[in-house]
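Before any comments, here is the structure.
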Amino acid sequence: MTVITRFAPSPTGMLHLGGARTALFCYLFSKHMGGQFLLRVEDTDRERSTPEATQAILNGMRWLGLAWDGDVVYQSRNQARHAAVVQQLLDAGKAYRCYASPEELEEMRASAMAAGLSPRYDGRWRDPAPNTPIPDRPPAIRLRAPQTGSTVVNDLIQGRIEVDNSQLDDMVLLRSDGTPTYMLSVVVDDHDMNITHVIRGADHLTNSFRQVQLYQAMGWPIPEFGHIPLIHGNDGQKLSKRHGAMGLDAYRAMGILPMAMRNYLLRLGWGHGDDEIISDAQAIEWFDLSGVGKAPARYDLDKLLYLNSHYMKQLPPDALMQALQPFLAEWKQERFGQPLLPDDLARVQALLPALLQRAQTLVELTEGSDFLLNPHRPTPDEAAAAKLAEANSAGVLSALANRFDQRQPTAAADFESTVKELANDLGKKMPEVAMPLRAALTGRLQSPAVGETCAALGLQRVLERLRAA
RNA sequence: GUCCCCUUCGUCUAGAGGCCUAGGACACUACCCUUUCAAGGUAGCGACACGGGUUCGAAUCCCGUAGGGGACGCCA
């Protein structure tokens with residue numbers, strides 16, 4: 001039998017790390033098994049679902065590189081089918097109409113709590129006494145769930161879990177307004193889509209017992225379940241806006257590469273021996289649910305950044321430049337009000353290997369390229385300004401300008417040897433000459449080696465900046 | 001409150017009774033390299049939550065305790 005998995009987000013917000021990892025695991029598992037990976041948007045909550053969120057999820061999936069098979073399924077379009085299933089259940093006596101009011105339900109929960117039980121519906125409309133007056137309001141439809149015995153889920157990750165049926169109440173299938181609930185919709189859609197493996201966050205674990213009861217009521221085969229532990233924030237608390245629950249788009253904006261994100265997410269909760277850097281092909285070859293741990297994992301930005309810098313260095317220069325270009329263009333436009341030119345790209349690419357050692361994200365790479373994009377001499381930061389203000393700086397810089405003018409260096413090595421030669425002639429140590437030079441060219445005290453820096457800038461700009469300093 | 005789950009270095013993990021004086025990676029520290037900052041190299045710091053069993057032998061099995069998490073909606 002072909003394995004079919006699905007990722008089923010509800011479009012009520014951005015696609016965040018937890019969802020992205022679930023999607024990745026579903027994807028890898030199906031590919032590993034030679035199966036299919038489907039995408040279903042659970043948009044049955046018309047209050048909270050938005051087209052923007054749907055779009056954000058789709059974009060996030062594409063950016064992460066998780067291609068789904070077939071068309072996206074929109075759950076809201078299956079409502080008639082969901083209602084029809086409930087009718088079947090009603091006809092078979094496996095579901096019933098419940099007229100309890102919200103206030104009554106609230107009371108039931110409160111009294112159950114007070115009695116030391118878990119809050120739940122008491123089943124009063126399951127078998128109403130004869131002649132019970134029917135309230136003048138439309139009923140919700142509930143599943144007539146077994147009240148004795150137990151329900152078992154053999155979870156591929158969590159293991160065998162058994163819950164006493166007395167803990168589970170009769171869940172609502174159809175609301176009083178006739179719309180299907182999530183519990184009903186997932187089961188019907190998963191069945192109709194022939195999902196063989198339901199892989200989702202562990203927050204759904206307890207839901208699966210009720211869902212199993214529904215499968216049983218319909219006489220449908222029960223899929224395999226795999227509940228992935230949740231991701232926690234830095235502080236061990238549930239992932240929230242504060243730490244990491246940023247949408248995937250935020251990571252893209254900070255210059256994270258999709259492959260780095262994939263590798264990071266893969267290693268969060270899953271391991272394969274001592275392997276850390278894992279290619280997509282290896283991920284598909286190695287991934288299995290038995291390698292997924294049971295404990296929740298914490299989100300750690302440092303490791304993501306490390307992986308990102310690794311993949312930036314690994315990327316062929318052309319591909320890196322292509323990924324970097326939009327960031328450079330935005331930087332130049334916003335800072336200097338000018339469009340990015342082919343010349344800019346050439347300068348950045350020339351210095352790319354050196355720049356790469358000093359950046360963990362595309363944004364940092366762009367920051368490091370600032371002096372190459374700046375049409376003028378960069379305004380020195382505090383430390384650079386102090387260096388330039390030192391007594392011997394002005395003299396060194398004009399001597400440097402004269403010497404460069406005289407030697408006409410072009411290659412990094414030529415610039416470097418010229419600087420060394422001058423330092424020697426002046427009886428100064430290398431840093432005494434190199435640091436003012438760096439400050440004049442880049443406005444900072446940190447930059448790639450001065451030879452490379454000069455060469456990337458070109459003699460003309462170097463002279464301009466030295467004379468303007 | 002009730003039910004369910006989890007617990008190896010700060011973090012992600014390896015470990016499926018002897019291979020473990022517990023391995024790798026990130027982070028951190030030191031040194032090397034060096035014109036700055038990095039990168040790189042080398043070394044170091046650092047964990048089996050606790051208490052009982054079972055066993056010749058336990059990080060690995062069992063039972064408690066503590067701590068953490070999740071679920072208990074006519075949300076998904």
Side-chain angles (χ1 to χ4, degrees), chain A residues 8-12 42-45 47-49 75 98 100-102 105-106 109 112-121 138-142 153 155 158-159 161-164 166-169 171-177 179-183 185-186 201-207 209 227 229-230 232 234 236-238 264 267-277 290 293-307 309 313 353-359 368 383 387 416 419-420 423 429-435 437-439 442 444-451:
Chain A
S10 57
T12 53
E42 310 226 314
D43 56 349
T44 49
D45 185 341
E47 302 280 297
R48 296 194 301 152
S49 298
Q75 188 160 64
C98 170
S101 68
L105 291 170
E106 198 42 55
R109 280 184 211 111
M113 283 273 248
L117 300 169
S118 57
R120 58 176 180 266
Y121 174 66
I141 313 293
R142 287 180 185 269
V153 169
D155 194 277
Q158 305 291 339
I161 304 166
E162 180 172 2
V163 162
D164 206 290
S166 63
Q167 293 297 326
L168 275 14
D169 63 2
M171 65 172 158
V172 172
L173 301 173
L174 227 45
R175 302 187 186 97
S176 47
D177 66 0
T179 59
T181 61
Y182 161 77
M183 286 293 193
S185 303
V186 244
D203 49 342
H204 287 283
L205 183 60
T206 50
N207 287 334
F209 296 99
H227 287 93
L230 270 20
H232 289 169
N234 260 325
Q237 296 303 112
K238 197 175 173 182
Y264 176 70
R267 285 288 291 103
L268 205 55
W270 179 86
H272 182 267
D274 285 342
D275 296 302
E276 296 288 346
I277 304 292
S290 64
K294 288 183 169 189
R298 292 190 193 200
Y299 161 76
D300 177 25
L301 181 63
D302 281 332
K303 192 144 185 180
L304 208 208
L305 291 175
Y306 167 79
L307 286 168
S309 64
K313 289 171 191 164
L355 258 14
L356 224 29
Q357 306 309 134
R358 296 161 175 81
K387 176 59 70 179
E416 188 183 325
V419 174
K420 278 185 172 156
K429 298 220 179 279
M430 187 61 176
E432 294 177 273
V433 180
M435 292 311 282
L437 173 59
R438 197 187 316 275
T442 69
R444 304 177 190 177
L445 256 28
Q446 301 84 35
S447 83
V450 287

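Chain letters run A, B, ... following the sequence lines, proteins first, then strands; residues in each count from 1.
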query = Can a donor-acceptor pair under 3.5 Å be found between the side-chain atoms of A:K303 and the base atoms of B:rA27?
reply = no
Touch class at under 4.0 angstrom, heavy-atom based, for A:P448 against every strand present = base
query = Do side-chain atoms of A:Q167 reach the backbone of A:D164 as a donor and acceptor pair under 3.5 angstrom?
reply = no
Set out, line by line, the N/O atom pairs under 3.5 Å between protein and nucleotides 13-16 of chain B.
| unit_1 | atom_1 | unit_2 | atom_2 | d |
| --- | --- | --- | --- | --- |
| B:rU13 | OP1 | A:G269 | N | 2.4 |

task = Would you please confirm or rule out a distance under 4.0 Å between OP1 or OP2 of B:rC74 and any side-chain N or O of A:R109?
result = yes
ask   = Expressed in angstrom and rounded to an integer, what is the separation of A:D203 atom CG from B:rG73 atom P?
value = 15 Å
query = Rounded to whole angstroms, how far apart are CZ on A:R358 and P on B:rA38?
reply = 9 Å
ask   = Which value, in whole Å, describes the distance between the C1' atoms of nucleotides B:rC63 and B:rG24?
value = 33 Å
request  = Describe the nucleic acid contact of A:I161 in one word from base, sugar-phosphate, nothing, applying a heavy-atom distance below 4.0 Å.
outcome  = sugar-phosphate
task = Provide the Watson-Crick or G-U wobble partner of B:rG64, both distances under 3.5 Å; none if there is no partner.
result = B:rC50
Rounded C1' spacing from B:rA59 to B:rC50 in Å = 14 Å
message = What I'd like to find out is whether the side chain of A:P448 reaches to under 4.5 Å of the side chain of A:L355, using heavy atoms alone.
response = yes
task = Tell which nucleotide pairs with B:rC72, taking only Watson-Crick or G-U wobble pairs whose two distances are both under 3.5 angstrom.
result = B:rG1
message = To the closest 0.5 Å, what do you measure between NZ (A:K294) and NE2 (A:H227)?
response = 13.5 Å
message = Using the P atom as the point on both nucleotides, what is the distance between B:rC19 and B:rU60, in whole Å?
response = 13 Å
key: Per A:L230 side chain, nearest of listed nucleotides B:rG70, B:rC4, B:rU11   = B:rG70
ask   = Looking at A:T44, does any N or O in its side chain come under 4.0 Å of the phosphate oxygens OP1/OP2 on B:rA76?
value = yes
key: Nearest-nucleotide pick for A:S118, side chain only, options being B:rA71, B:rC74, B:rU2   = B:rU2
ask   = Side chains of A:Y121 and A:C98: closer than 4.5 Å at any heavy-atom pair?
value = yes
note = From the candidates B:rA76, B:rC37, B:rC72, the one with an atom nearest any side-chain atom of A:P119 is B:rC72
Restricting both atoms to N or O, compile the protein contacts to nucleotides 58-61 of chain B shorter than 3.5 Å, with distance only.
none

request  = Write down the distance separating the C1' atoms in B:rU8 and B:rA47, rounded off to the nearest Å.
outcome  = 6 Å
Pull out every protein N or O sitting under 3.5 Å from an N or O of nucleotides 30-32 of chain B, one pair per line with the distance.
none

note = Of the candidates B:rC74, B:rU2, B:rU35, the side chain of A:E416 sits closest to B:rU35
B:rA43 and B:rC4, which share atom name C1', separated by this distance in whole Å = 46 Å
query = Which part of the nucleic acid, if any, lies within contact of A:I277, taking any heavy atom under 4.0 Å across all strands shown: a base, the sugar-phosphate backbone alone, or nothing?
reply = nothing
ask   = Side-chain N or O of A:R444 less than 4.0 angstrom from OP1 or OP2 on B:rU36?
value = no
task = Assess the side chains of A:R444 and A:T442: does a donor N or O sit below 3.5 Å from an acceptor N or O?
result = no
Restricting both atoms to N or O, compile the protein contacts to nucleotides 40-43 of chain B shorter than 3.5 Å, with distance only.
none

query = Which part of the nucleic acid, if any, lies within reach of A:M435 when heavy atoms closer than 4.0 Å are counted: base, sugar-phosphate only, or nothing?
reply = sugar-phosphate
query = Does A:T206 get its side chain close enough to the base of B:rC3, under 3.5 Å, for a donor-acceptor pair?
reply = no
query = How is A:A449 classified with respect to the nucleic acid when contacts are heavy atoms under 4.0 Å: base, sugar-phosphate, or nothing?
reply = base
inquiry  = Categorize A:A100 for me: base, sugar-phosphate, or nothing, with a 4.0 angstrom heavy-atom threshold over every strand shown.
reply    = base
ask   = Considering only heavy atoms from C-beta outward, does the side chain of A:L230 approach that of A:D203 to under 4.5 Å?
value = yes
ask   = Rounded to the nearest 0.5 Å, how far apart are CG of A:D155 and CD1 of A:I161?
value = 5.5 Å
ask   = According to the Watson-Crick and G-U wobble definitions, with both distances under 3.5 Å, which nucleotide is paired to B:rC20?
value = none
message = Applying a 4.0 Å non-hydrogen cut-off, can you work out what A:D169 is touching in the nucleic acid: base, sugar-phosphate, or nothing?
response = nothing
query = Are side-chain heavy atoms of A:Q158 and A:P229 found at a separation under 4.5 Å?
reply = yes
note = The ring pair (Phe, Tyr, Trp, His ring centres under 6.0 Å) partners of A:Y306 (sequence neighbours excluded) come to none
Ring geometry between A:Y182 and A:H204 (parallel below 30°, tilted from 30 to 60°, perpendicular above 60°) = tilted
remark   = Which of B:rC5, B:rA76, B:rU35 is nearest the side chain of A:Y182? It is B:rA76
inquiry  = Holding to side chain to side chain donor-acceptor pair (under 3.5 Å), I want the full list of residues that pass it with A:D275, two or more places apart in sequence or in another chain.
reply    = A:H272
request  = Look through every strand shown and name the nucleotide pairing with B:rG44 as Watson-Crick or G-U wobble, where both distances are under 3.5 Å.
outcome  = B:rC28
inquiry  = Could you identify the nucleotide paired to B:rA39, looking across every strand shown and requiring Watson-Crick or G-U wobble geometry with both distances under 3.5 Å?
reply    = none
A:M171 side chain reached by A:T181 side chain, heavy atoms, under 4.5 Å = no
ask   = Say you pick atom P in B:rG53 and the same atom in B:rG15; how far apart are they, in whole Å?
value = 30 Å
query = Does any donor-acceptor pair link the side chain of A:K294 with the base of B:rC5 at a separation under 3.5 Å?
reply = no
task = Rounded to whole angstrom, note down the P distance from B:rU7 over to B:rC61.
result = 10 Å
request  = Starting at atom OH of A:Y299, determine the distance to atom C1' of B:rC26, rounded to an integer number of angstrom.
outcome  = 13 Å
ask   = Base, sugar-phosphate, or nothing: which does A:H204 touch, judged by heavy atoms less than 4.0 Å apart?
value = base
inquiry  = Is any side-chain heavy atom of A:L307 closer than 4.5 Å to one of A:E276?
reply    = no
